[in-house]
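Quick notes on the structure that follows.
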Amino acid sequence: MNEYCAKYGLNEERLPRHVAIIMDGNGRWAKKRLWNRLKGHRAGADAVDAVTTLCREIGVEYLTLYAFSTENWNRPESEVSGLMELFKEFLVSKKGLLIEKQIRLNIIGSKDKFAPELLKLMNETIAETKKYEPKMTLTLALSYGSRQEITTAVRKIAKMAADGEITPEKIDEKLISENLYTFNMPDPDLVIRTSGEYRISNYLLWQIAYSEFYFTDTLWPDFKKDEFIKALKDFAGRERRFGKTGDQVKG
Ligand code: FPP
């Protein structure tokens, strides 16, 4: 029995293997306090810490966080550069902890717009955290858009077909999944969105076909351990049917 599951009253048997989160509400959290939006993002980084620590403690194997979408590049320049600075600080300050806790860092998204310095830090941290068998994988979706991801996969597969490596009949769900950024991860069991918005915002569209959803009004910087445990308990009570009937599932 995992001691932390016992401590938090969680049923280890009914934990999600993969949790994906849309971290929303940093801006509103800051605005309520008449603070600059970047302060909200900074507070959001603390919630990232809290949620990652909890996943590692209780044994959630994959945590995937939507930290910056392809559309977020259109935000005011000061906000974009502030966020890039925050990602840099995160990589520098958390590398040691990731290694100590045997957490593997993974980044999904299109890397072509990042400044060389940030890109270097990302690649270094990814490489450093690949040296051990991971106890958990933390994936940051950065400059990520699901339609773009699927388009890239389709282009790759079309090229394979055009080059005669595969026939069109070989294209199946498995091949498509294998050509997404998430090729080495199970699909999310649970998707959480904070801040009272009920949208998917171009996040993991292919991968969430059978995910359970949890929406909360809590703004991301306030989404700490207690809120996350509440979401996990709610998930534990769900009956996942994957298209079958309730009776079949109980079977
Ligand atoms: C959405 O809230 C949040 C983002 C676009 C950025 C998410 C970034 C963080 C949580 C910062 C830390 C992350 C890491 C990985 C260090 P919003 O700004 O759209 O909020 P609003 O809807 O209230 O304006």
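The basis for the numbers below is simple: all heavy atoms, side chains too, and nothing from hydrogens, waters or symmetry mates. Just so you know, ligand 1 is whichever comes first in the structure, and atom 1 is the first atom listed for that ligand.
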ILVMFWY network linking L204 to W220, side-chain heavy atoms under 4.5 angstrom: no

Polar atom proximity, N26 to ligand 1 (N or O, under 3.5 Å): yes

If you group Ile, Leu, Val, Met, Phe, Trp and Tyr whenever their side-chain heavy atoms sit less than 4.5 Å apart, what else falls in with L34? none

Does ligand 1 have an atom under 4.0 Å from some heavy atom of E197? no

Less than 3.5 Å between some nitrogen or oxygen of R28 and one of ligand 1, yes or no? yes

Are any of the N or O atoms of R75 closer than 3.5 Å to those of ligand 1? yes

For atom 13 (C) of ligand 1, the option (of F223, F87, F90, Y66) bearing the nearest heavy atom: F87

Nearest to atom 15 (C) of ligand 1, what protein heavy atom do you find, and at what distance? L140 CD2, 3.9 Å

Pair E3 + K7: basic N to acidic O under 4.0 Å: no

Quick look: R42 vs ligand 1, heavy-atom contacts under 4.0 Å, and the answer is neither

Closest approach of any protein heavy atom to atom 1 (C) of ligand 1, naming residue and atom: M23 O, 3.2 Å

Taking 4.0 angstrom as the limit, do E100 and R56 come out as a salt bridge? no

Does W220 reach ligand 1, in the sense of a heavy atom lying below 4.0 Å from it? yes

May I ask you to list the atoms of ligand 1 that are less than 4.0 angstrom from any heavy atom of A45? 12 (C)

Report the residue from Q207, E149, Q148 that forms a side chain to side chain donor-acceptor pair (under 3.5 Å) with Y181. Q148

NZ/NE/NH1/NH2 to OD/OE distance under 4.0 Å, R42 and D46: no

Given side chains that start at C-beta, do those of T182 and I108 come closer than 4.5 Å, heavy atoms only? yes

Check each of R14, R240, R238 against D189 using the salt bridge (charged side-chain N to carboxylate O under 4.0 Å, His left out) test, and report the only one that passes. R240

Is the closest heavy-atom distance from S195 to ligand 1 below 4.0 Å? no

Quick one: does G27 get an N or O within less than 3.5 Å of an N or O on ligand 1? yes

Suppose we measure from atom 7 (C) of ligand 1 to each protein heavy atom; which comes out shortest, and what is that distance? A67 O, 3.4 Å

Which of parallel (below 30°), tilted (30 to 60°) and perpendicular (above 60°) describes Y203 and Y66? parallel

So T70 and Y144, do their side chains get closer than 4.5 Å, heavy atoms only? no

Hey, does L65 sit under 4.0 Å from ligand 1 if you only count heavy atoms? no

Atom 11 (C) of ligand 1: nearest protein contact (heavy atom, Å): H41 O, 3.5 Å

Could you name the option among N72, T194, L83 that has the heavy atom nearest to atom 5 (C) of ligand 1? N72

